[in-house]
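Okay, so here's the structure we're looking at.
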Amino acid sequence: MSDYNAPRSTGKKSGRQKSAAQKVLTANQGHKARKRFGQNFLHDGNIINKIVRAINPKEGQNLVEIGPGMGAITEPVLEATGALNVVEIDRDLIPRLRTQFFNYPNFKVYEGDALQYDFTQLVDTEAENPAPLRIIGNLPYNISTPLIFHLLSYTEQRLVQDMHFMLQKEVVERMASGENSKAFGRLSIMTQYQCQVIPVMEIGPEAFKPAPKVDSAIVRLIPHKTIKNPVKDINSLNKVCLAAFNQRRKTIRNSFKKLISAEQLTELGIDPGLRPENLALADFVMLANFVTDNPVDLENA
Ligand code: SAM
């Protein structure tokens, strides 16, 4: 990934960092990683330190971690902030987490599915200057894309300061990719519409136990302060992306047939013979606004 600032981590451990990782491992022996929860636990203290440095957690900030697992990132973040909310689906891990961090009264565990979790409850919207969310997590790869879409809805509500995620490298590439690239798609558009996407570093499989079959990467997402070219309705942007990339090898003349005619595309200054990845984010915004203004009943179209 060319725009990464940092070189790929080698996974080598320094003495000081190794002990942090070992603490994590020692504390959690006996838990069998569950594939259905996408459990690949970080065990490399050097990598854990780099991730935490990238997050740069500070006291007084409103951090929430998705999938704390056995506490690999949780521990150093809690040490830095003294307060942390976590959302974990695996109920076997909950008592371990509570025991491990019993001496932090402001460590709060929410047992459940982050896809269903209402993150607005973590922001004190009554307060004069509510602390915005800093969302972090080594995300379960099997649900990472729907989870990102779920979290982007909180960005839209302006509740998020930033997000740092460990994802499959390929997912980070899709997020960061620009038009005219094979990786450009709905994830790129919906993420870049809301956020600046900054790939931070790549991480090899050896940093995890069990080791995943794919490379991973950390990405930083910073919500735009203002969206220069806002859509009238974010749902229309999603609808247009779904139609465009459902069959990405088709020309947009075909893929938009039910939403926008070839003539209408031409009137908007868009060549109907293009493929969806040839359109820029601004084109998708224009098409979304067209669809908002000219709604089509897809059920009966
Ligand atoms: N943070 C730990 C680490 O880095 O070692 C664990 C990361 S592991 C890749 C993903 C974690 O997310 C696991 O703890 C898993 O149980 C949890 N998880 C999976 N699906 C979840 C969901 N839908 N909601 C909340 N947590 C989930």
Side-chain angles (χ1 to χ4, degrees), residues 9 11 13 17 20-55 57 63-79 84-101 107-119 121-122 133-151 154 163-172 200-201 203-219:
S9 236
K13 298 161 187 163
Q17 290 153 339
Q22 280 173 340
K23 261 201 273 174
V24 171
L25 269 185
T26 320
N28 301 297
Q29 276 165 7
H31 177 78
K32 193 164 181 300
R34 293 199 164 93
K35 219 174 172 177
R36 73 175 187 282
F37 292 146
Q39 291 180 346
N40 298 97
F41 298 108
L42 276 165
H43 72 103
D44 182 324
N46 185 28
I47 302 277
I48 293 167
N49 283 348
K50 282 188 181 174
I51 295 169
V52 176
R53 268 206 301 275
I55 298 169
L63 276 109
V64 55
E65 182 184 6
I66 296 172
M70 302 196 290
I73 307 173
T74 320
E75 180 173 355
V77 169
L78 249 180
E79 272 171 16
L84 180 66
N85 295 301
V86 299
V87 185
E88 174 57 63
I89 202 169
D90 186 345
R91 60 174 64 161
D92 285 356
L93 292 173
I94 308 280
R96 285 170 176 260
L97 287 162
R98 292 213 165 102
T99 307
Q100 195 177 348
F101 302 116
F107 172 68
K108 301 215 173 76
V109 184
Y110 298 87
E111 182 185 332
D113 183 350
L115 278 170
Q116 309 291 332
Y117 185 73
D118 178 9
F119 287 82
Q121 64 185 287
L122 301 178
L133 289 169
R134 301 197 68 205
I135 308 177
I136 62 170
N138 170 11
L139 298 187
Y141 292 168
N142 49 347
I143 57 155
S144 60
T145 308
L147 201 46
I148 302 279
F149 285 123
H150 178 61
L151 296 170
Y154 299 99
M163 305 189 257
H164 288 83
F165 299 127
M166 170 97 74
L167 296 163
Q168 269 176 262
K169 183 178 145 189
E170 172 261 329
V171 175
V172 173
V200 177
M201 67 172 154
I203 293 168
E206 62 283 353
F208 305 85
K209 272 192 181 159
K213 291 196 174 70
V214 291
D215 278 335
S216 304
I218 299 279
V219 68

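In listed order, ligands and their atoms are each counted from 1. Note that this is a predicted model, so its numbers are computed, not measured.
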Under 4.0 Å from a heavy atom of [X]: which atoms of ligand 1 are those, numbered in the order shown and with their elements?
X	value
Val87	25 (C), 26 (N)
Glu65	1 (N)
Gly69	6 (C), 14 (O)
Ala72	5 (O)
Asp90	16 (O)
Pro68	1 (N), 2 (C)

Decide whether an N or O pair under 3.5 Å exists between [X] and ligand 1.
X	value
Leu42	yes
Gly38	no
Gln39	yes

Side-chain donor/acceptor of His43 to backbone N/O of Pro210, under 3.5 Å: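 No, because the side chain of His43 does not come within donor-acceptor range (under 3.5 Å) of the backbone of Pro210.
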Mutual orientation of the aromatic rings belonging to Tyr117 and Tyr110 [parallel < 30°, tilted 30-60°, perpendicular > 60°]: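 Ring orientation of Tyr117 relative to Tyr110: tilted.
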Verdict with supporting geometry, Glu170 and Val214, side-chain contact (heavy atoms from CB on, under 4.5 Å): CA-CA 9 Å; Glu170 172 261 329; Val214 291; over 6 Å; no
Pair Gln39-Leu93, side-chain contact (heavy atoms from CB on, under 4.5 Å): steps then yes or no: CA-CA 11 Å; Gln39 291 180 346; Leu93 292 173; 3.6 Å; yes
side-chain contact (heavy atoms from CB on, under 4.5 Å) assessment of Phe208 paired with Ile203: CA-CA 9 Å; Phe208 305 85; Ile203 293 168; 3.9 Å; yes
If you measure from each non-hydrogen atom of [X] to ligand 1, which part falls under 4.0 Å: side chain, backbone, both or neither?
X	result
Ala114	both
Thr74	neither
His43	neither

In the protein, which heavy atom is nearest to [atom], and how far is it?
atom	answer
atom 14 (O) of ligand 1	Glu88 OE1, 2.7 Å
atom 19 (C) of ligand 1	Phe37 O, 3.0 Å
atom 20 (N) of ligand 1	Pro140 CG, 3.4 Å
atom 12 (O) of ligand 1	Gly67 CA, 3.2 Å
atom 27 (C) of ligand 1	Ile89 CG2, 3.4 Å

Ile148 and Leu139: CA distance, side-chain angles, deciding distance, side-chain contact (heavy atoms from CB on, under 4.5 Å) verdict: CA-CA 10 Å; Ile148 302 279; Leu139 298 187; 4.2 Å; yes
Gly112 to ligand 1, any heavy atom closer than 4.0 Å: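 For ligand 1, residue contact (heavy atoms, under 4.0 Å) with Gly112 is present.
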Lys50 side chain near Ile218 side chain, heavy-atom distance below 4.5 Å: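 No, too far: nothing below the 4.5 Å cut-off.
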Side chain to side chain, Phe101 and Lys108, heavy atoms closer than 4.5 Å: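 When only atoms from C-beta onward are counted, Lys108 and Phe101 do not touch, as no gap falls below 4.5 Å.
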Nearest-option assignment for atom 22 (C) of ligand 1, heavy atoms, candidates Asn142, Asp113, Asn138: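 Ranked by closest heavy atom to atom 22 (C) of ligand 1, first place is Asp113.
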Partners meeting ring-ring contact (aromatic ring centres under 6.0 Å, His included) with Tyr154 (sequence neighbours left out):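 Here the qualifying residues are Phe119, His150.
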Asn40 to Ala211 - nearest heavy-atom pair and separation: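 Heavy atoms only, the tightest pair is ND2-C, 4.1 Å.
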Identified side-chain contact (heavy atoms from CB on, under 4.5 Å) partner of Val86 from the options Ile94, Thr74, Ile136, Ile66: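 Testing Val86 for a side-chain contact (heavy atoms from CB on, under 4.5 Å) against Ile94, Thr74, Ile136, Ile66 leaves exactly one candidate, Thr74.
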Results of salt bridge (charged side-chain N to carboxylate O under 4.0 Å, His left out) for Asp113 - residues two or more places apart only: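 In terms of salt bridge (charged side-chain N to carboxylate O under 4.0 Å, His left out), with neighbours along the sequence ignored, Asp113 is linked to no residue.
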